[in-house]
Amino acid sequence: MPGTLLVISGPSGAGKTSICEELLRLIPNSEWSVSCTTRKLRGHEVDGQDYHFISRQRFDEMARNDEFLETAEYLNEWYGTPRKPVEAAIAAGRTIILEIDVQGAAQIATRMPKSIRIFILPPTMETLKARLEGRQTESEALQARRLQKADGEIAFARNSGCYQHFITNDTIGNSVASILSILNAKPA
Ligand code: 5GP
C-alpha cells in the first residue's frame, strides 16, 4: 500500500516543529523530509538533520536538475523539498512529514493531490508574538518580520484552498491527537 505524504504548515512560532517531533515519535514507519535551504544555520540546528544548508548556486543547480518536489522563497532565502526521499518513502508505504510553507503546500496540492495538508494556527497573535520573542537565536528585526509575515500567511492559507484541515494549537497534545485522527480516517 502506498504511504502517506503529510504536509504541516503554519507561521513561525505556531508550534509546528514540536508537533512534528511528536508525530514522528508516535506514527510507526514515519520519517521527516529534510529540506534544503540557502539560509544560515540557526542555534542548535544540525546540518543534514534539520536542513541541508546549501549555497544559492547549489540550490539553483538542484532546481535545474528537477531534484525538488517543490520550492519557495521565504524572507529572501530559498527552501526546497528533495524529491527522491519523498518518492522512496511513499513507494515503501511509509509516512513522510513535510514542514513547509504555504507556497510549497500549494505546489504539493497540485502535484500530489492525495497528500494530507494541515495548517497550524496559533491560539492568538499574542501567543505567537510571545513565542517568537522567546527565540534567543534571532534578531529582533527578524522576529518582527516573521510576525508581520504570519498575518499574510494565515490569510493566504485560508484563501488558497490547499489545506484540508486547520488546527488551532492550544496544546501540542491536542493538536497531535487531532492529526492522528485525521490520518486514521484517511481512505486506504
Ligand atoms: P525557518 O527558516 O523558520 O526554518 O522556515 C521558514 C519557513 O519555511 C517555514 O514556514 C517552514 O515551514 C518553511 N520551509 C522549510 N522548509 C521548506 C521547504 O522545503 N519548502 C517550503 N516551501 N517551505 C519550507
Side-chain angles (χ1 to χ4, degrees), residues 5-24 31-56 58-63 65-87 89 96-112 115-122 128-129 131-158 160 162-163 165-167 169 175 179:
L5 197 171
L6 175 62
V7 172
I8 304 283
S9 304
S12 288
K16 7 177 236 301
T17 305
S18 311
I19 291 173
C20 289
E21 280 168 3
E22 195 59 5
L23 288 172
L24 281 171
E31 66 183 86
W32 169 253
S33 160
V34 181
S35 295
C36 293
T37 183
T38 60
R39 86 149 160 75
K40 299 260 174 304
L41 188 144
R42 194 166 69 202
H44 298 293
E45 288 176 334
V46 178
D47 188 19
Q49 196 173 305
D50 297 286
Y51 283 104
H52 300 290
F53 294 93
I54 61 174
S55 67
R56 178 63 200 270
R58 176 75 188 121
F59 192 96
D60 290 346
E61 186 181 292
M62 288 179 72
N65 295 338
D66 201 23
E67 290 178 54
F68 290 124
L69 199 55
E70 58 76 37
T71 58
E73 190 181 9
Y74 186 97
L75 296 179
N76 300 324
E77 302 290 354
W78 282 87
Y79 296 80
T81 302
R83 178 190 297 280
K84 272 196 189 145
V86 174
E87 289 176 349
I96 185 155
I97 305 178
L98 275 59
E99 190 200 305
I100 62 175
D101 85 327
V102 287
Q103 306 166 69
Q107 294 165 49
I108 297 286
T110 308
R111 288 177 198 158
M112 317 205 60
S115 55
I116 296 179
R117 301 170 303 275
I118 299 176
F119 194 87
I120 307 292
L121 295 162
L128 189 69
K129 189 163 184 274
R131 286 191 191 150
L132 283 175
E133 283 171 358
R135 269 193 195 167
Q136 303 300 327
T137 52
E138 284 185 341
S139 68
E140 270 179 37
L142 195 54
Q143 285 173 8
R145 282 180 73 199
R146 285 185 188 276
L147 191 64
Q148 202 180 21
K149 193 162 170 62
D151 266 339
E153 277 178 304
I154 294 171
F156 183 85
R158 289 213 183 275
S160 68
C162 67
Y163 295 97
H165 307 275
F166 286 81
I167 291 178
N169 185 24
S175 302
I179 296 172

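In each ligand, atom 1 is the first atom listed, and ligand 1 is the first ligand listed. Start at 1 with the first residue, then count along the sequence.
Each of the following atoms of ligand 1 lies closer than 4.0 Å to a heavy atom of Gly80: 18 (C), 19 (O). Under a 4.0 Å criterion applied to the non-hydrogen atoms of Gly104, ligand 1 contributes the atoms 22 (N). The ligand atoms of ligand 1 that sit less than 4.0 angstrom from a heavy atom of Arg39 are 1 (P), 2 (O), 4 (O). Those atoms of ligand 1 with a heavy atom of Tyr51 less than 4.0 angstrom away are 1 (P), 4 (O), 5 (O), 15 (C), 16 (N). Taking a cut-off of under 4.0 Å to the non-hydrogen atoms of Ala72, the atoms of ligand 1 that pass are 22 (N).
When Leu75, Ile8, Ile100, Thr81 are ranked by how near their heavy atoms come to atom 24 (C) of ligand 1, first place goes to Ile100.
Glu22 is linked by a salt bridge (charged side-chain N to carboxylate O under 4.0 Å, His left out) to Arg25, counting only residues two or more places apart in sequence or in another chain.
Both the sub-6.0 Å distance and the 45° axial angle are not jointly satisfied by Arg83 relative to the ring of Phe68.
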Between Ser9 and Tyr163, does a side-chain hydrogen bond (donor to acceptor under 3.5 Å, both in side chains) hold up when you go through it step by step? CA-CA 9 Å; Ser9 304; Tyr163 295 97; 2.7 Å; yes
Apply side-chain contact (heavy atoms from CB on, under 4.5 Å) to residues Met112 and Leu69 and explain how you reach the verdict. CA-CA 10 Å; Met112 317 205 60; Leu69 199 55; 3.7 Å; yes
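Taking CZ from Phe53 and CZ from Phe59, the interatomic distance works out to 13.0 Å, rounded to the nearest 0.5 Å. We find the CD1-OG1 distance between Ile100 and Thr81 to be 5.0 Å, quoted to the nearest 0.5 Å. The OH atom of Tyr74 lies 11.5 Å from the OG1 atom of Thr37; values are rounded to the nearest 0.5 Å.
Remark: ligand 1 and Tyr79 share an N or O pair separated by less than 3.5 Å (distance only, no angle test).
When all heavy atoms are compared, the tightest approach of Arg117 to Ala109 is NE-CB, 3.4 Å.
Here the protein heavy atom with the shortest distance to atom 20 (N) of ligand 1 is Glu70 OE2, 2.7 Å. What sits closest to atom 12 (O) of ligand 1 on the protein, heavy atoms only, is Glu99 O, 3.3 Å. Here the protein heavy atom with the shortest distance to atom 9 (C) of ligand 1 is Lys16 NZ, 4.1 Å. In terms of protein heavy-atom proximity, atom 3 (O) of ligand 1 is nearest to Arg146 NH1, 3.1 Å. Scanning the protein heavy atoms around atom 16 (N) of ligand 1, the nearest turns out to be Ser35 OG, 3.2 Å. Nearest protein neighbour of atom 13 (C) of ligand 1, counting heavy atoms only, is Asp101 N, 3.7 Å.
Around the NZ atom of Lys149, the shell of radius 6.0 Å holds more than 12 heavy atoms that belong to other residues, nucleotides or ligands.
Residue Arg42 places a heavy atom less than 4.0 Å from ligand 1.
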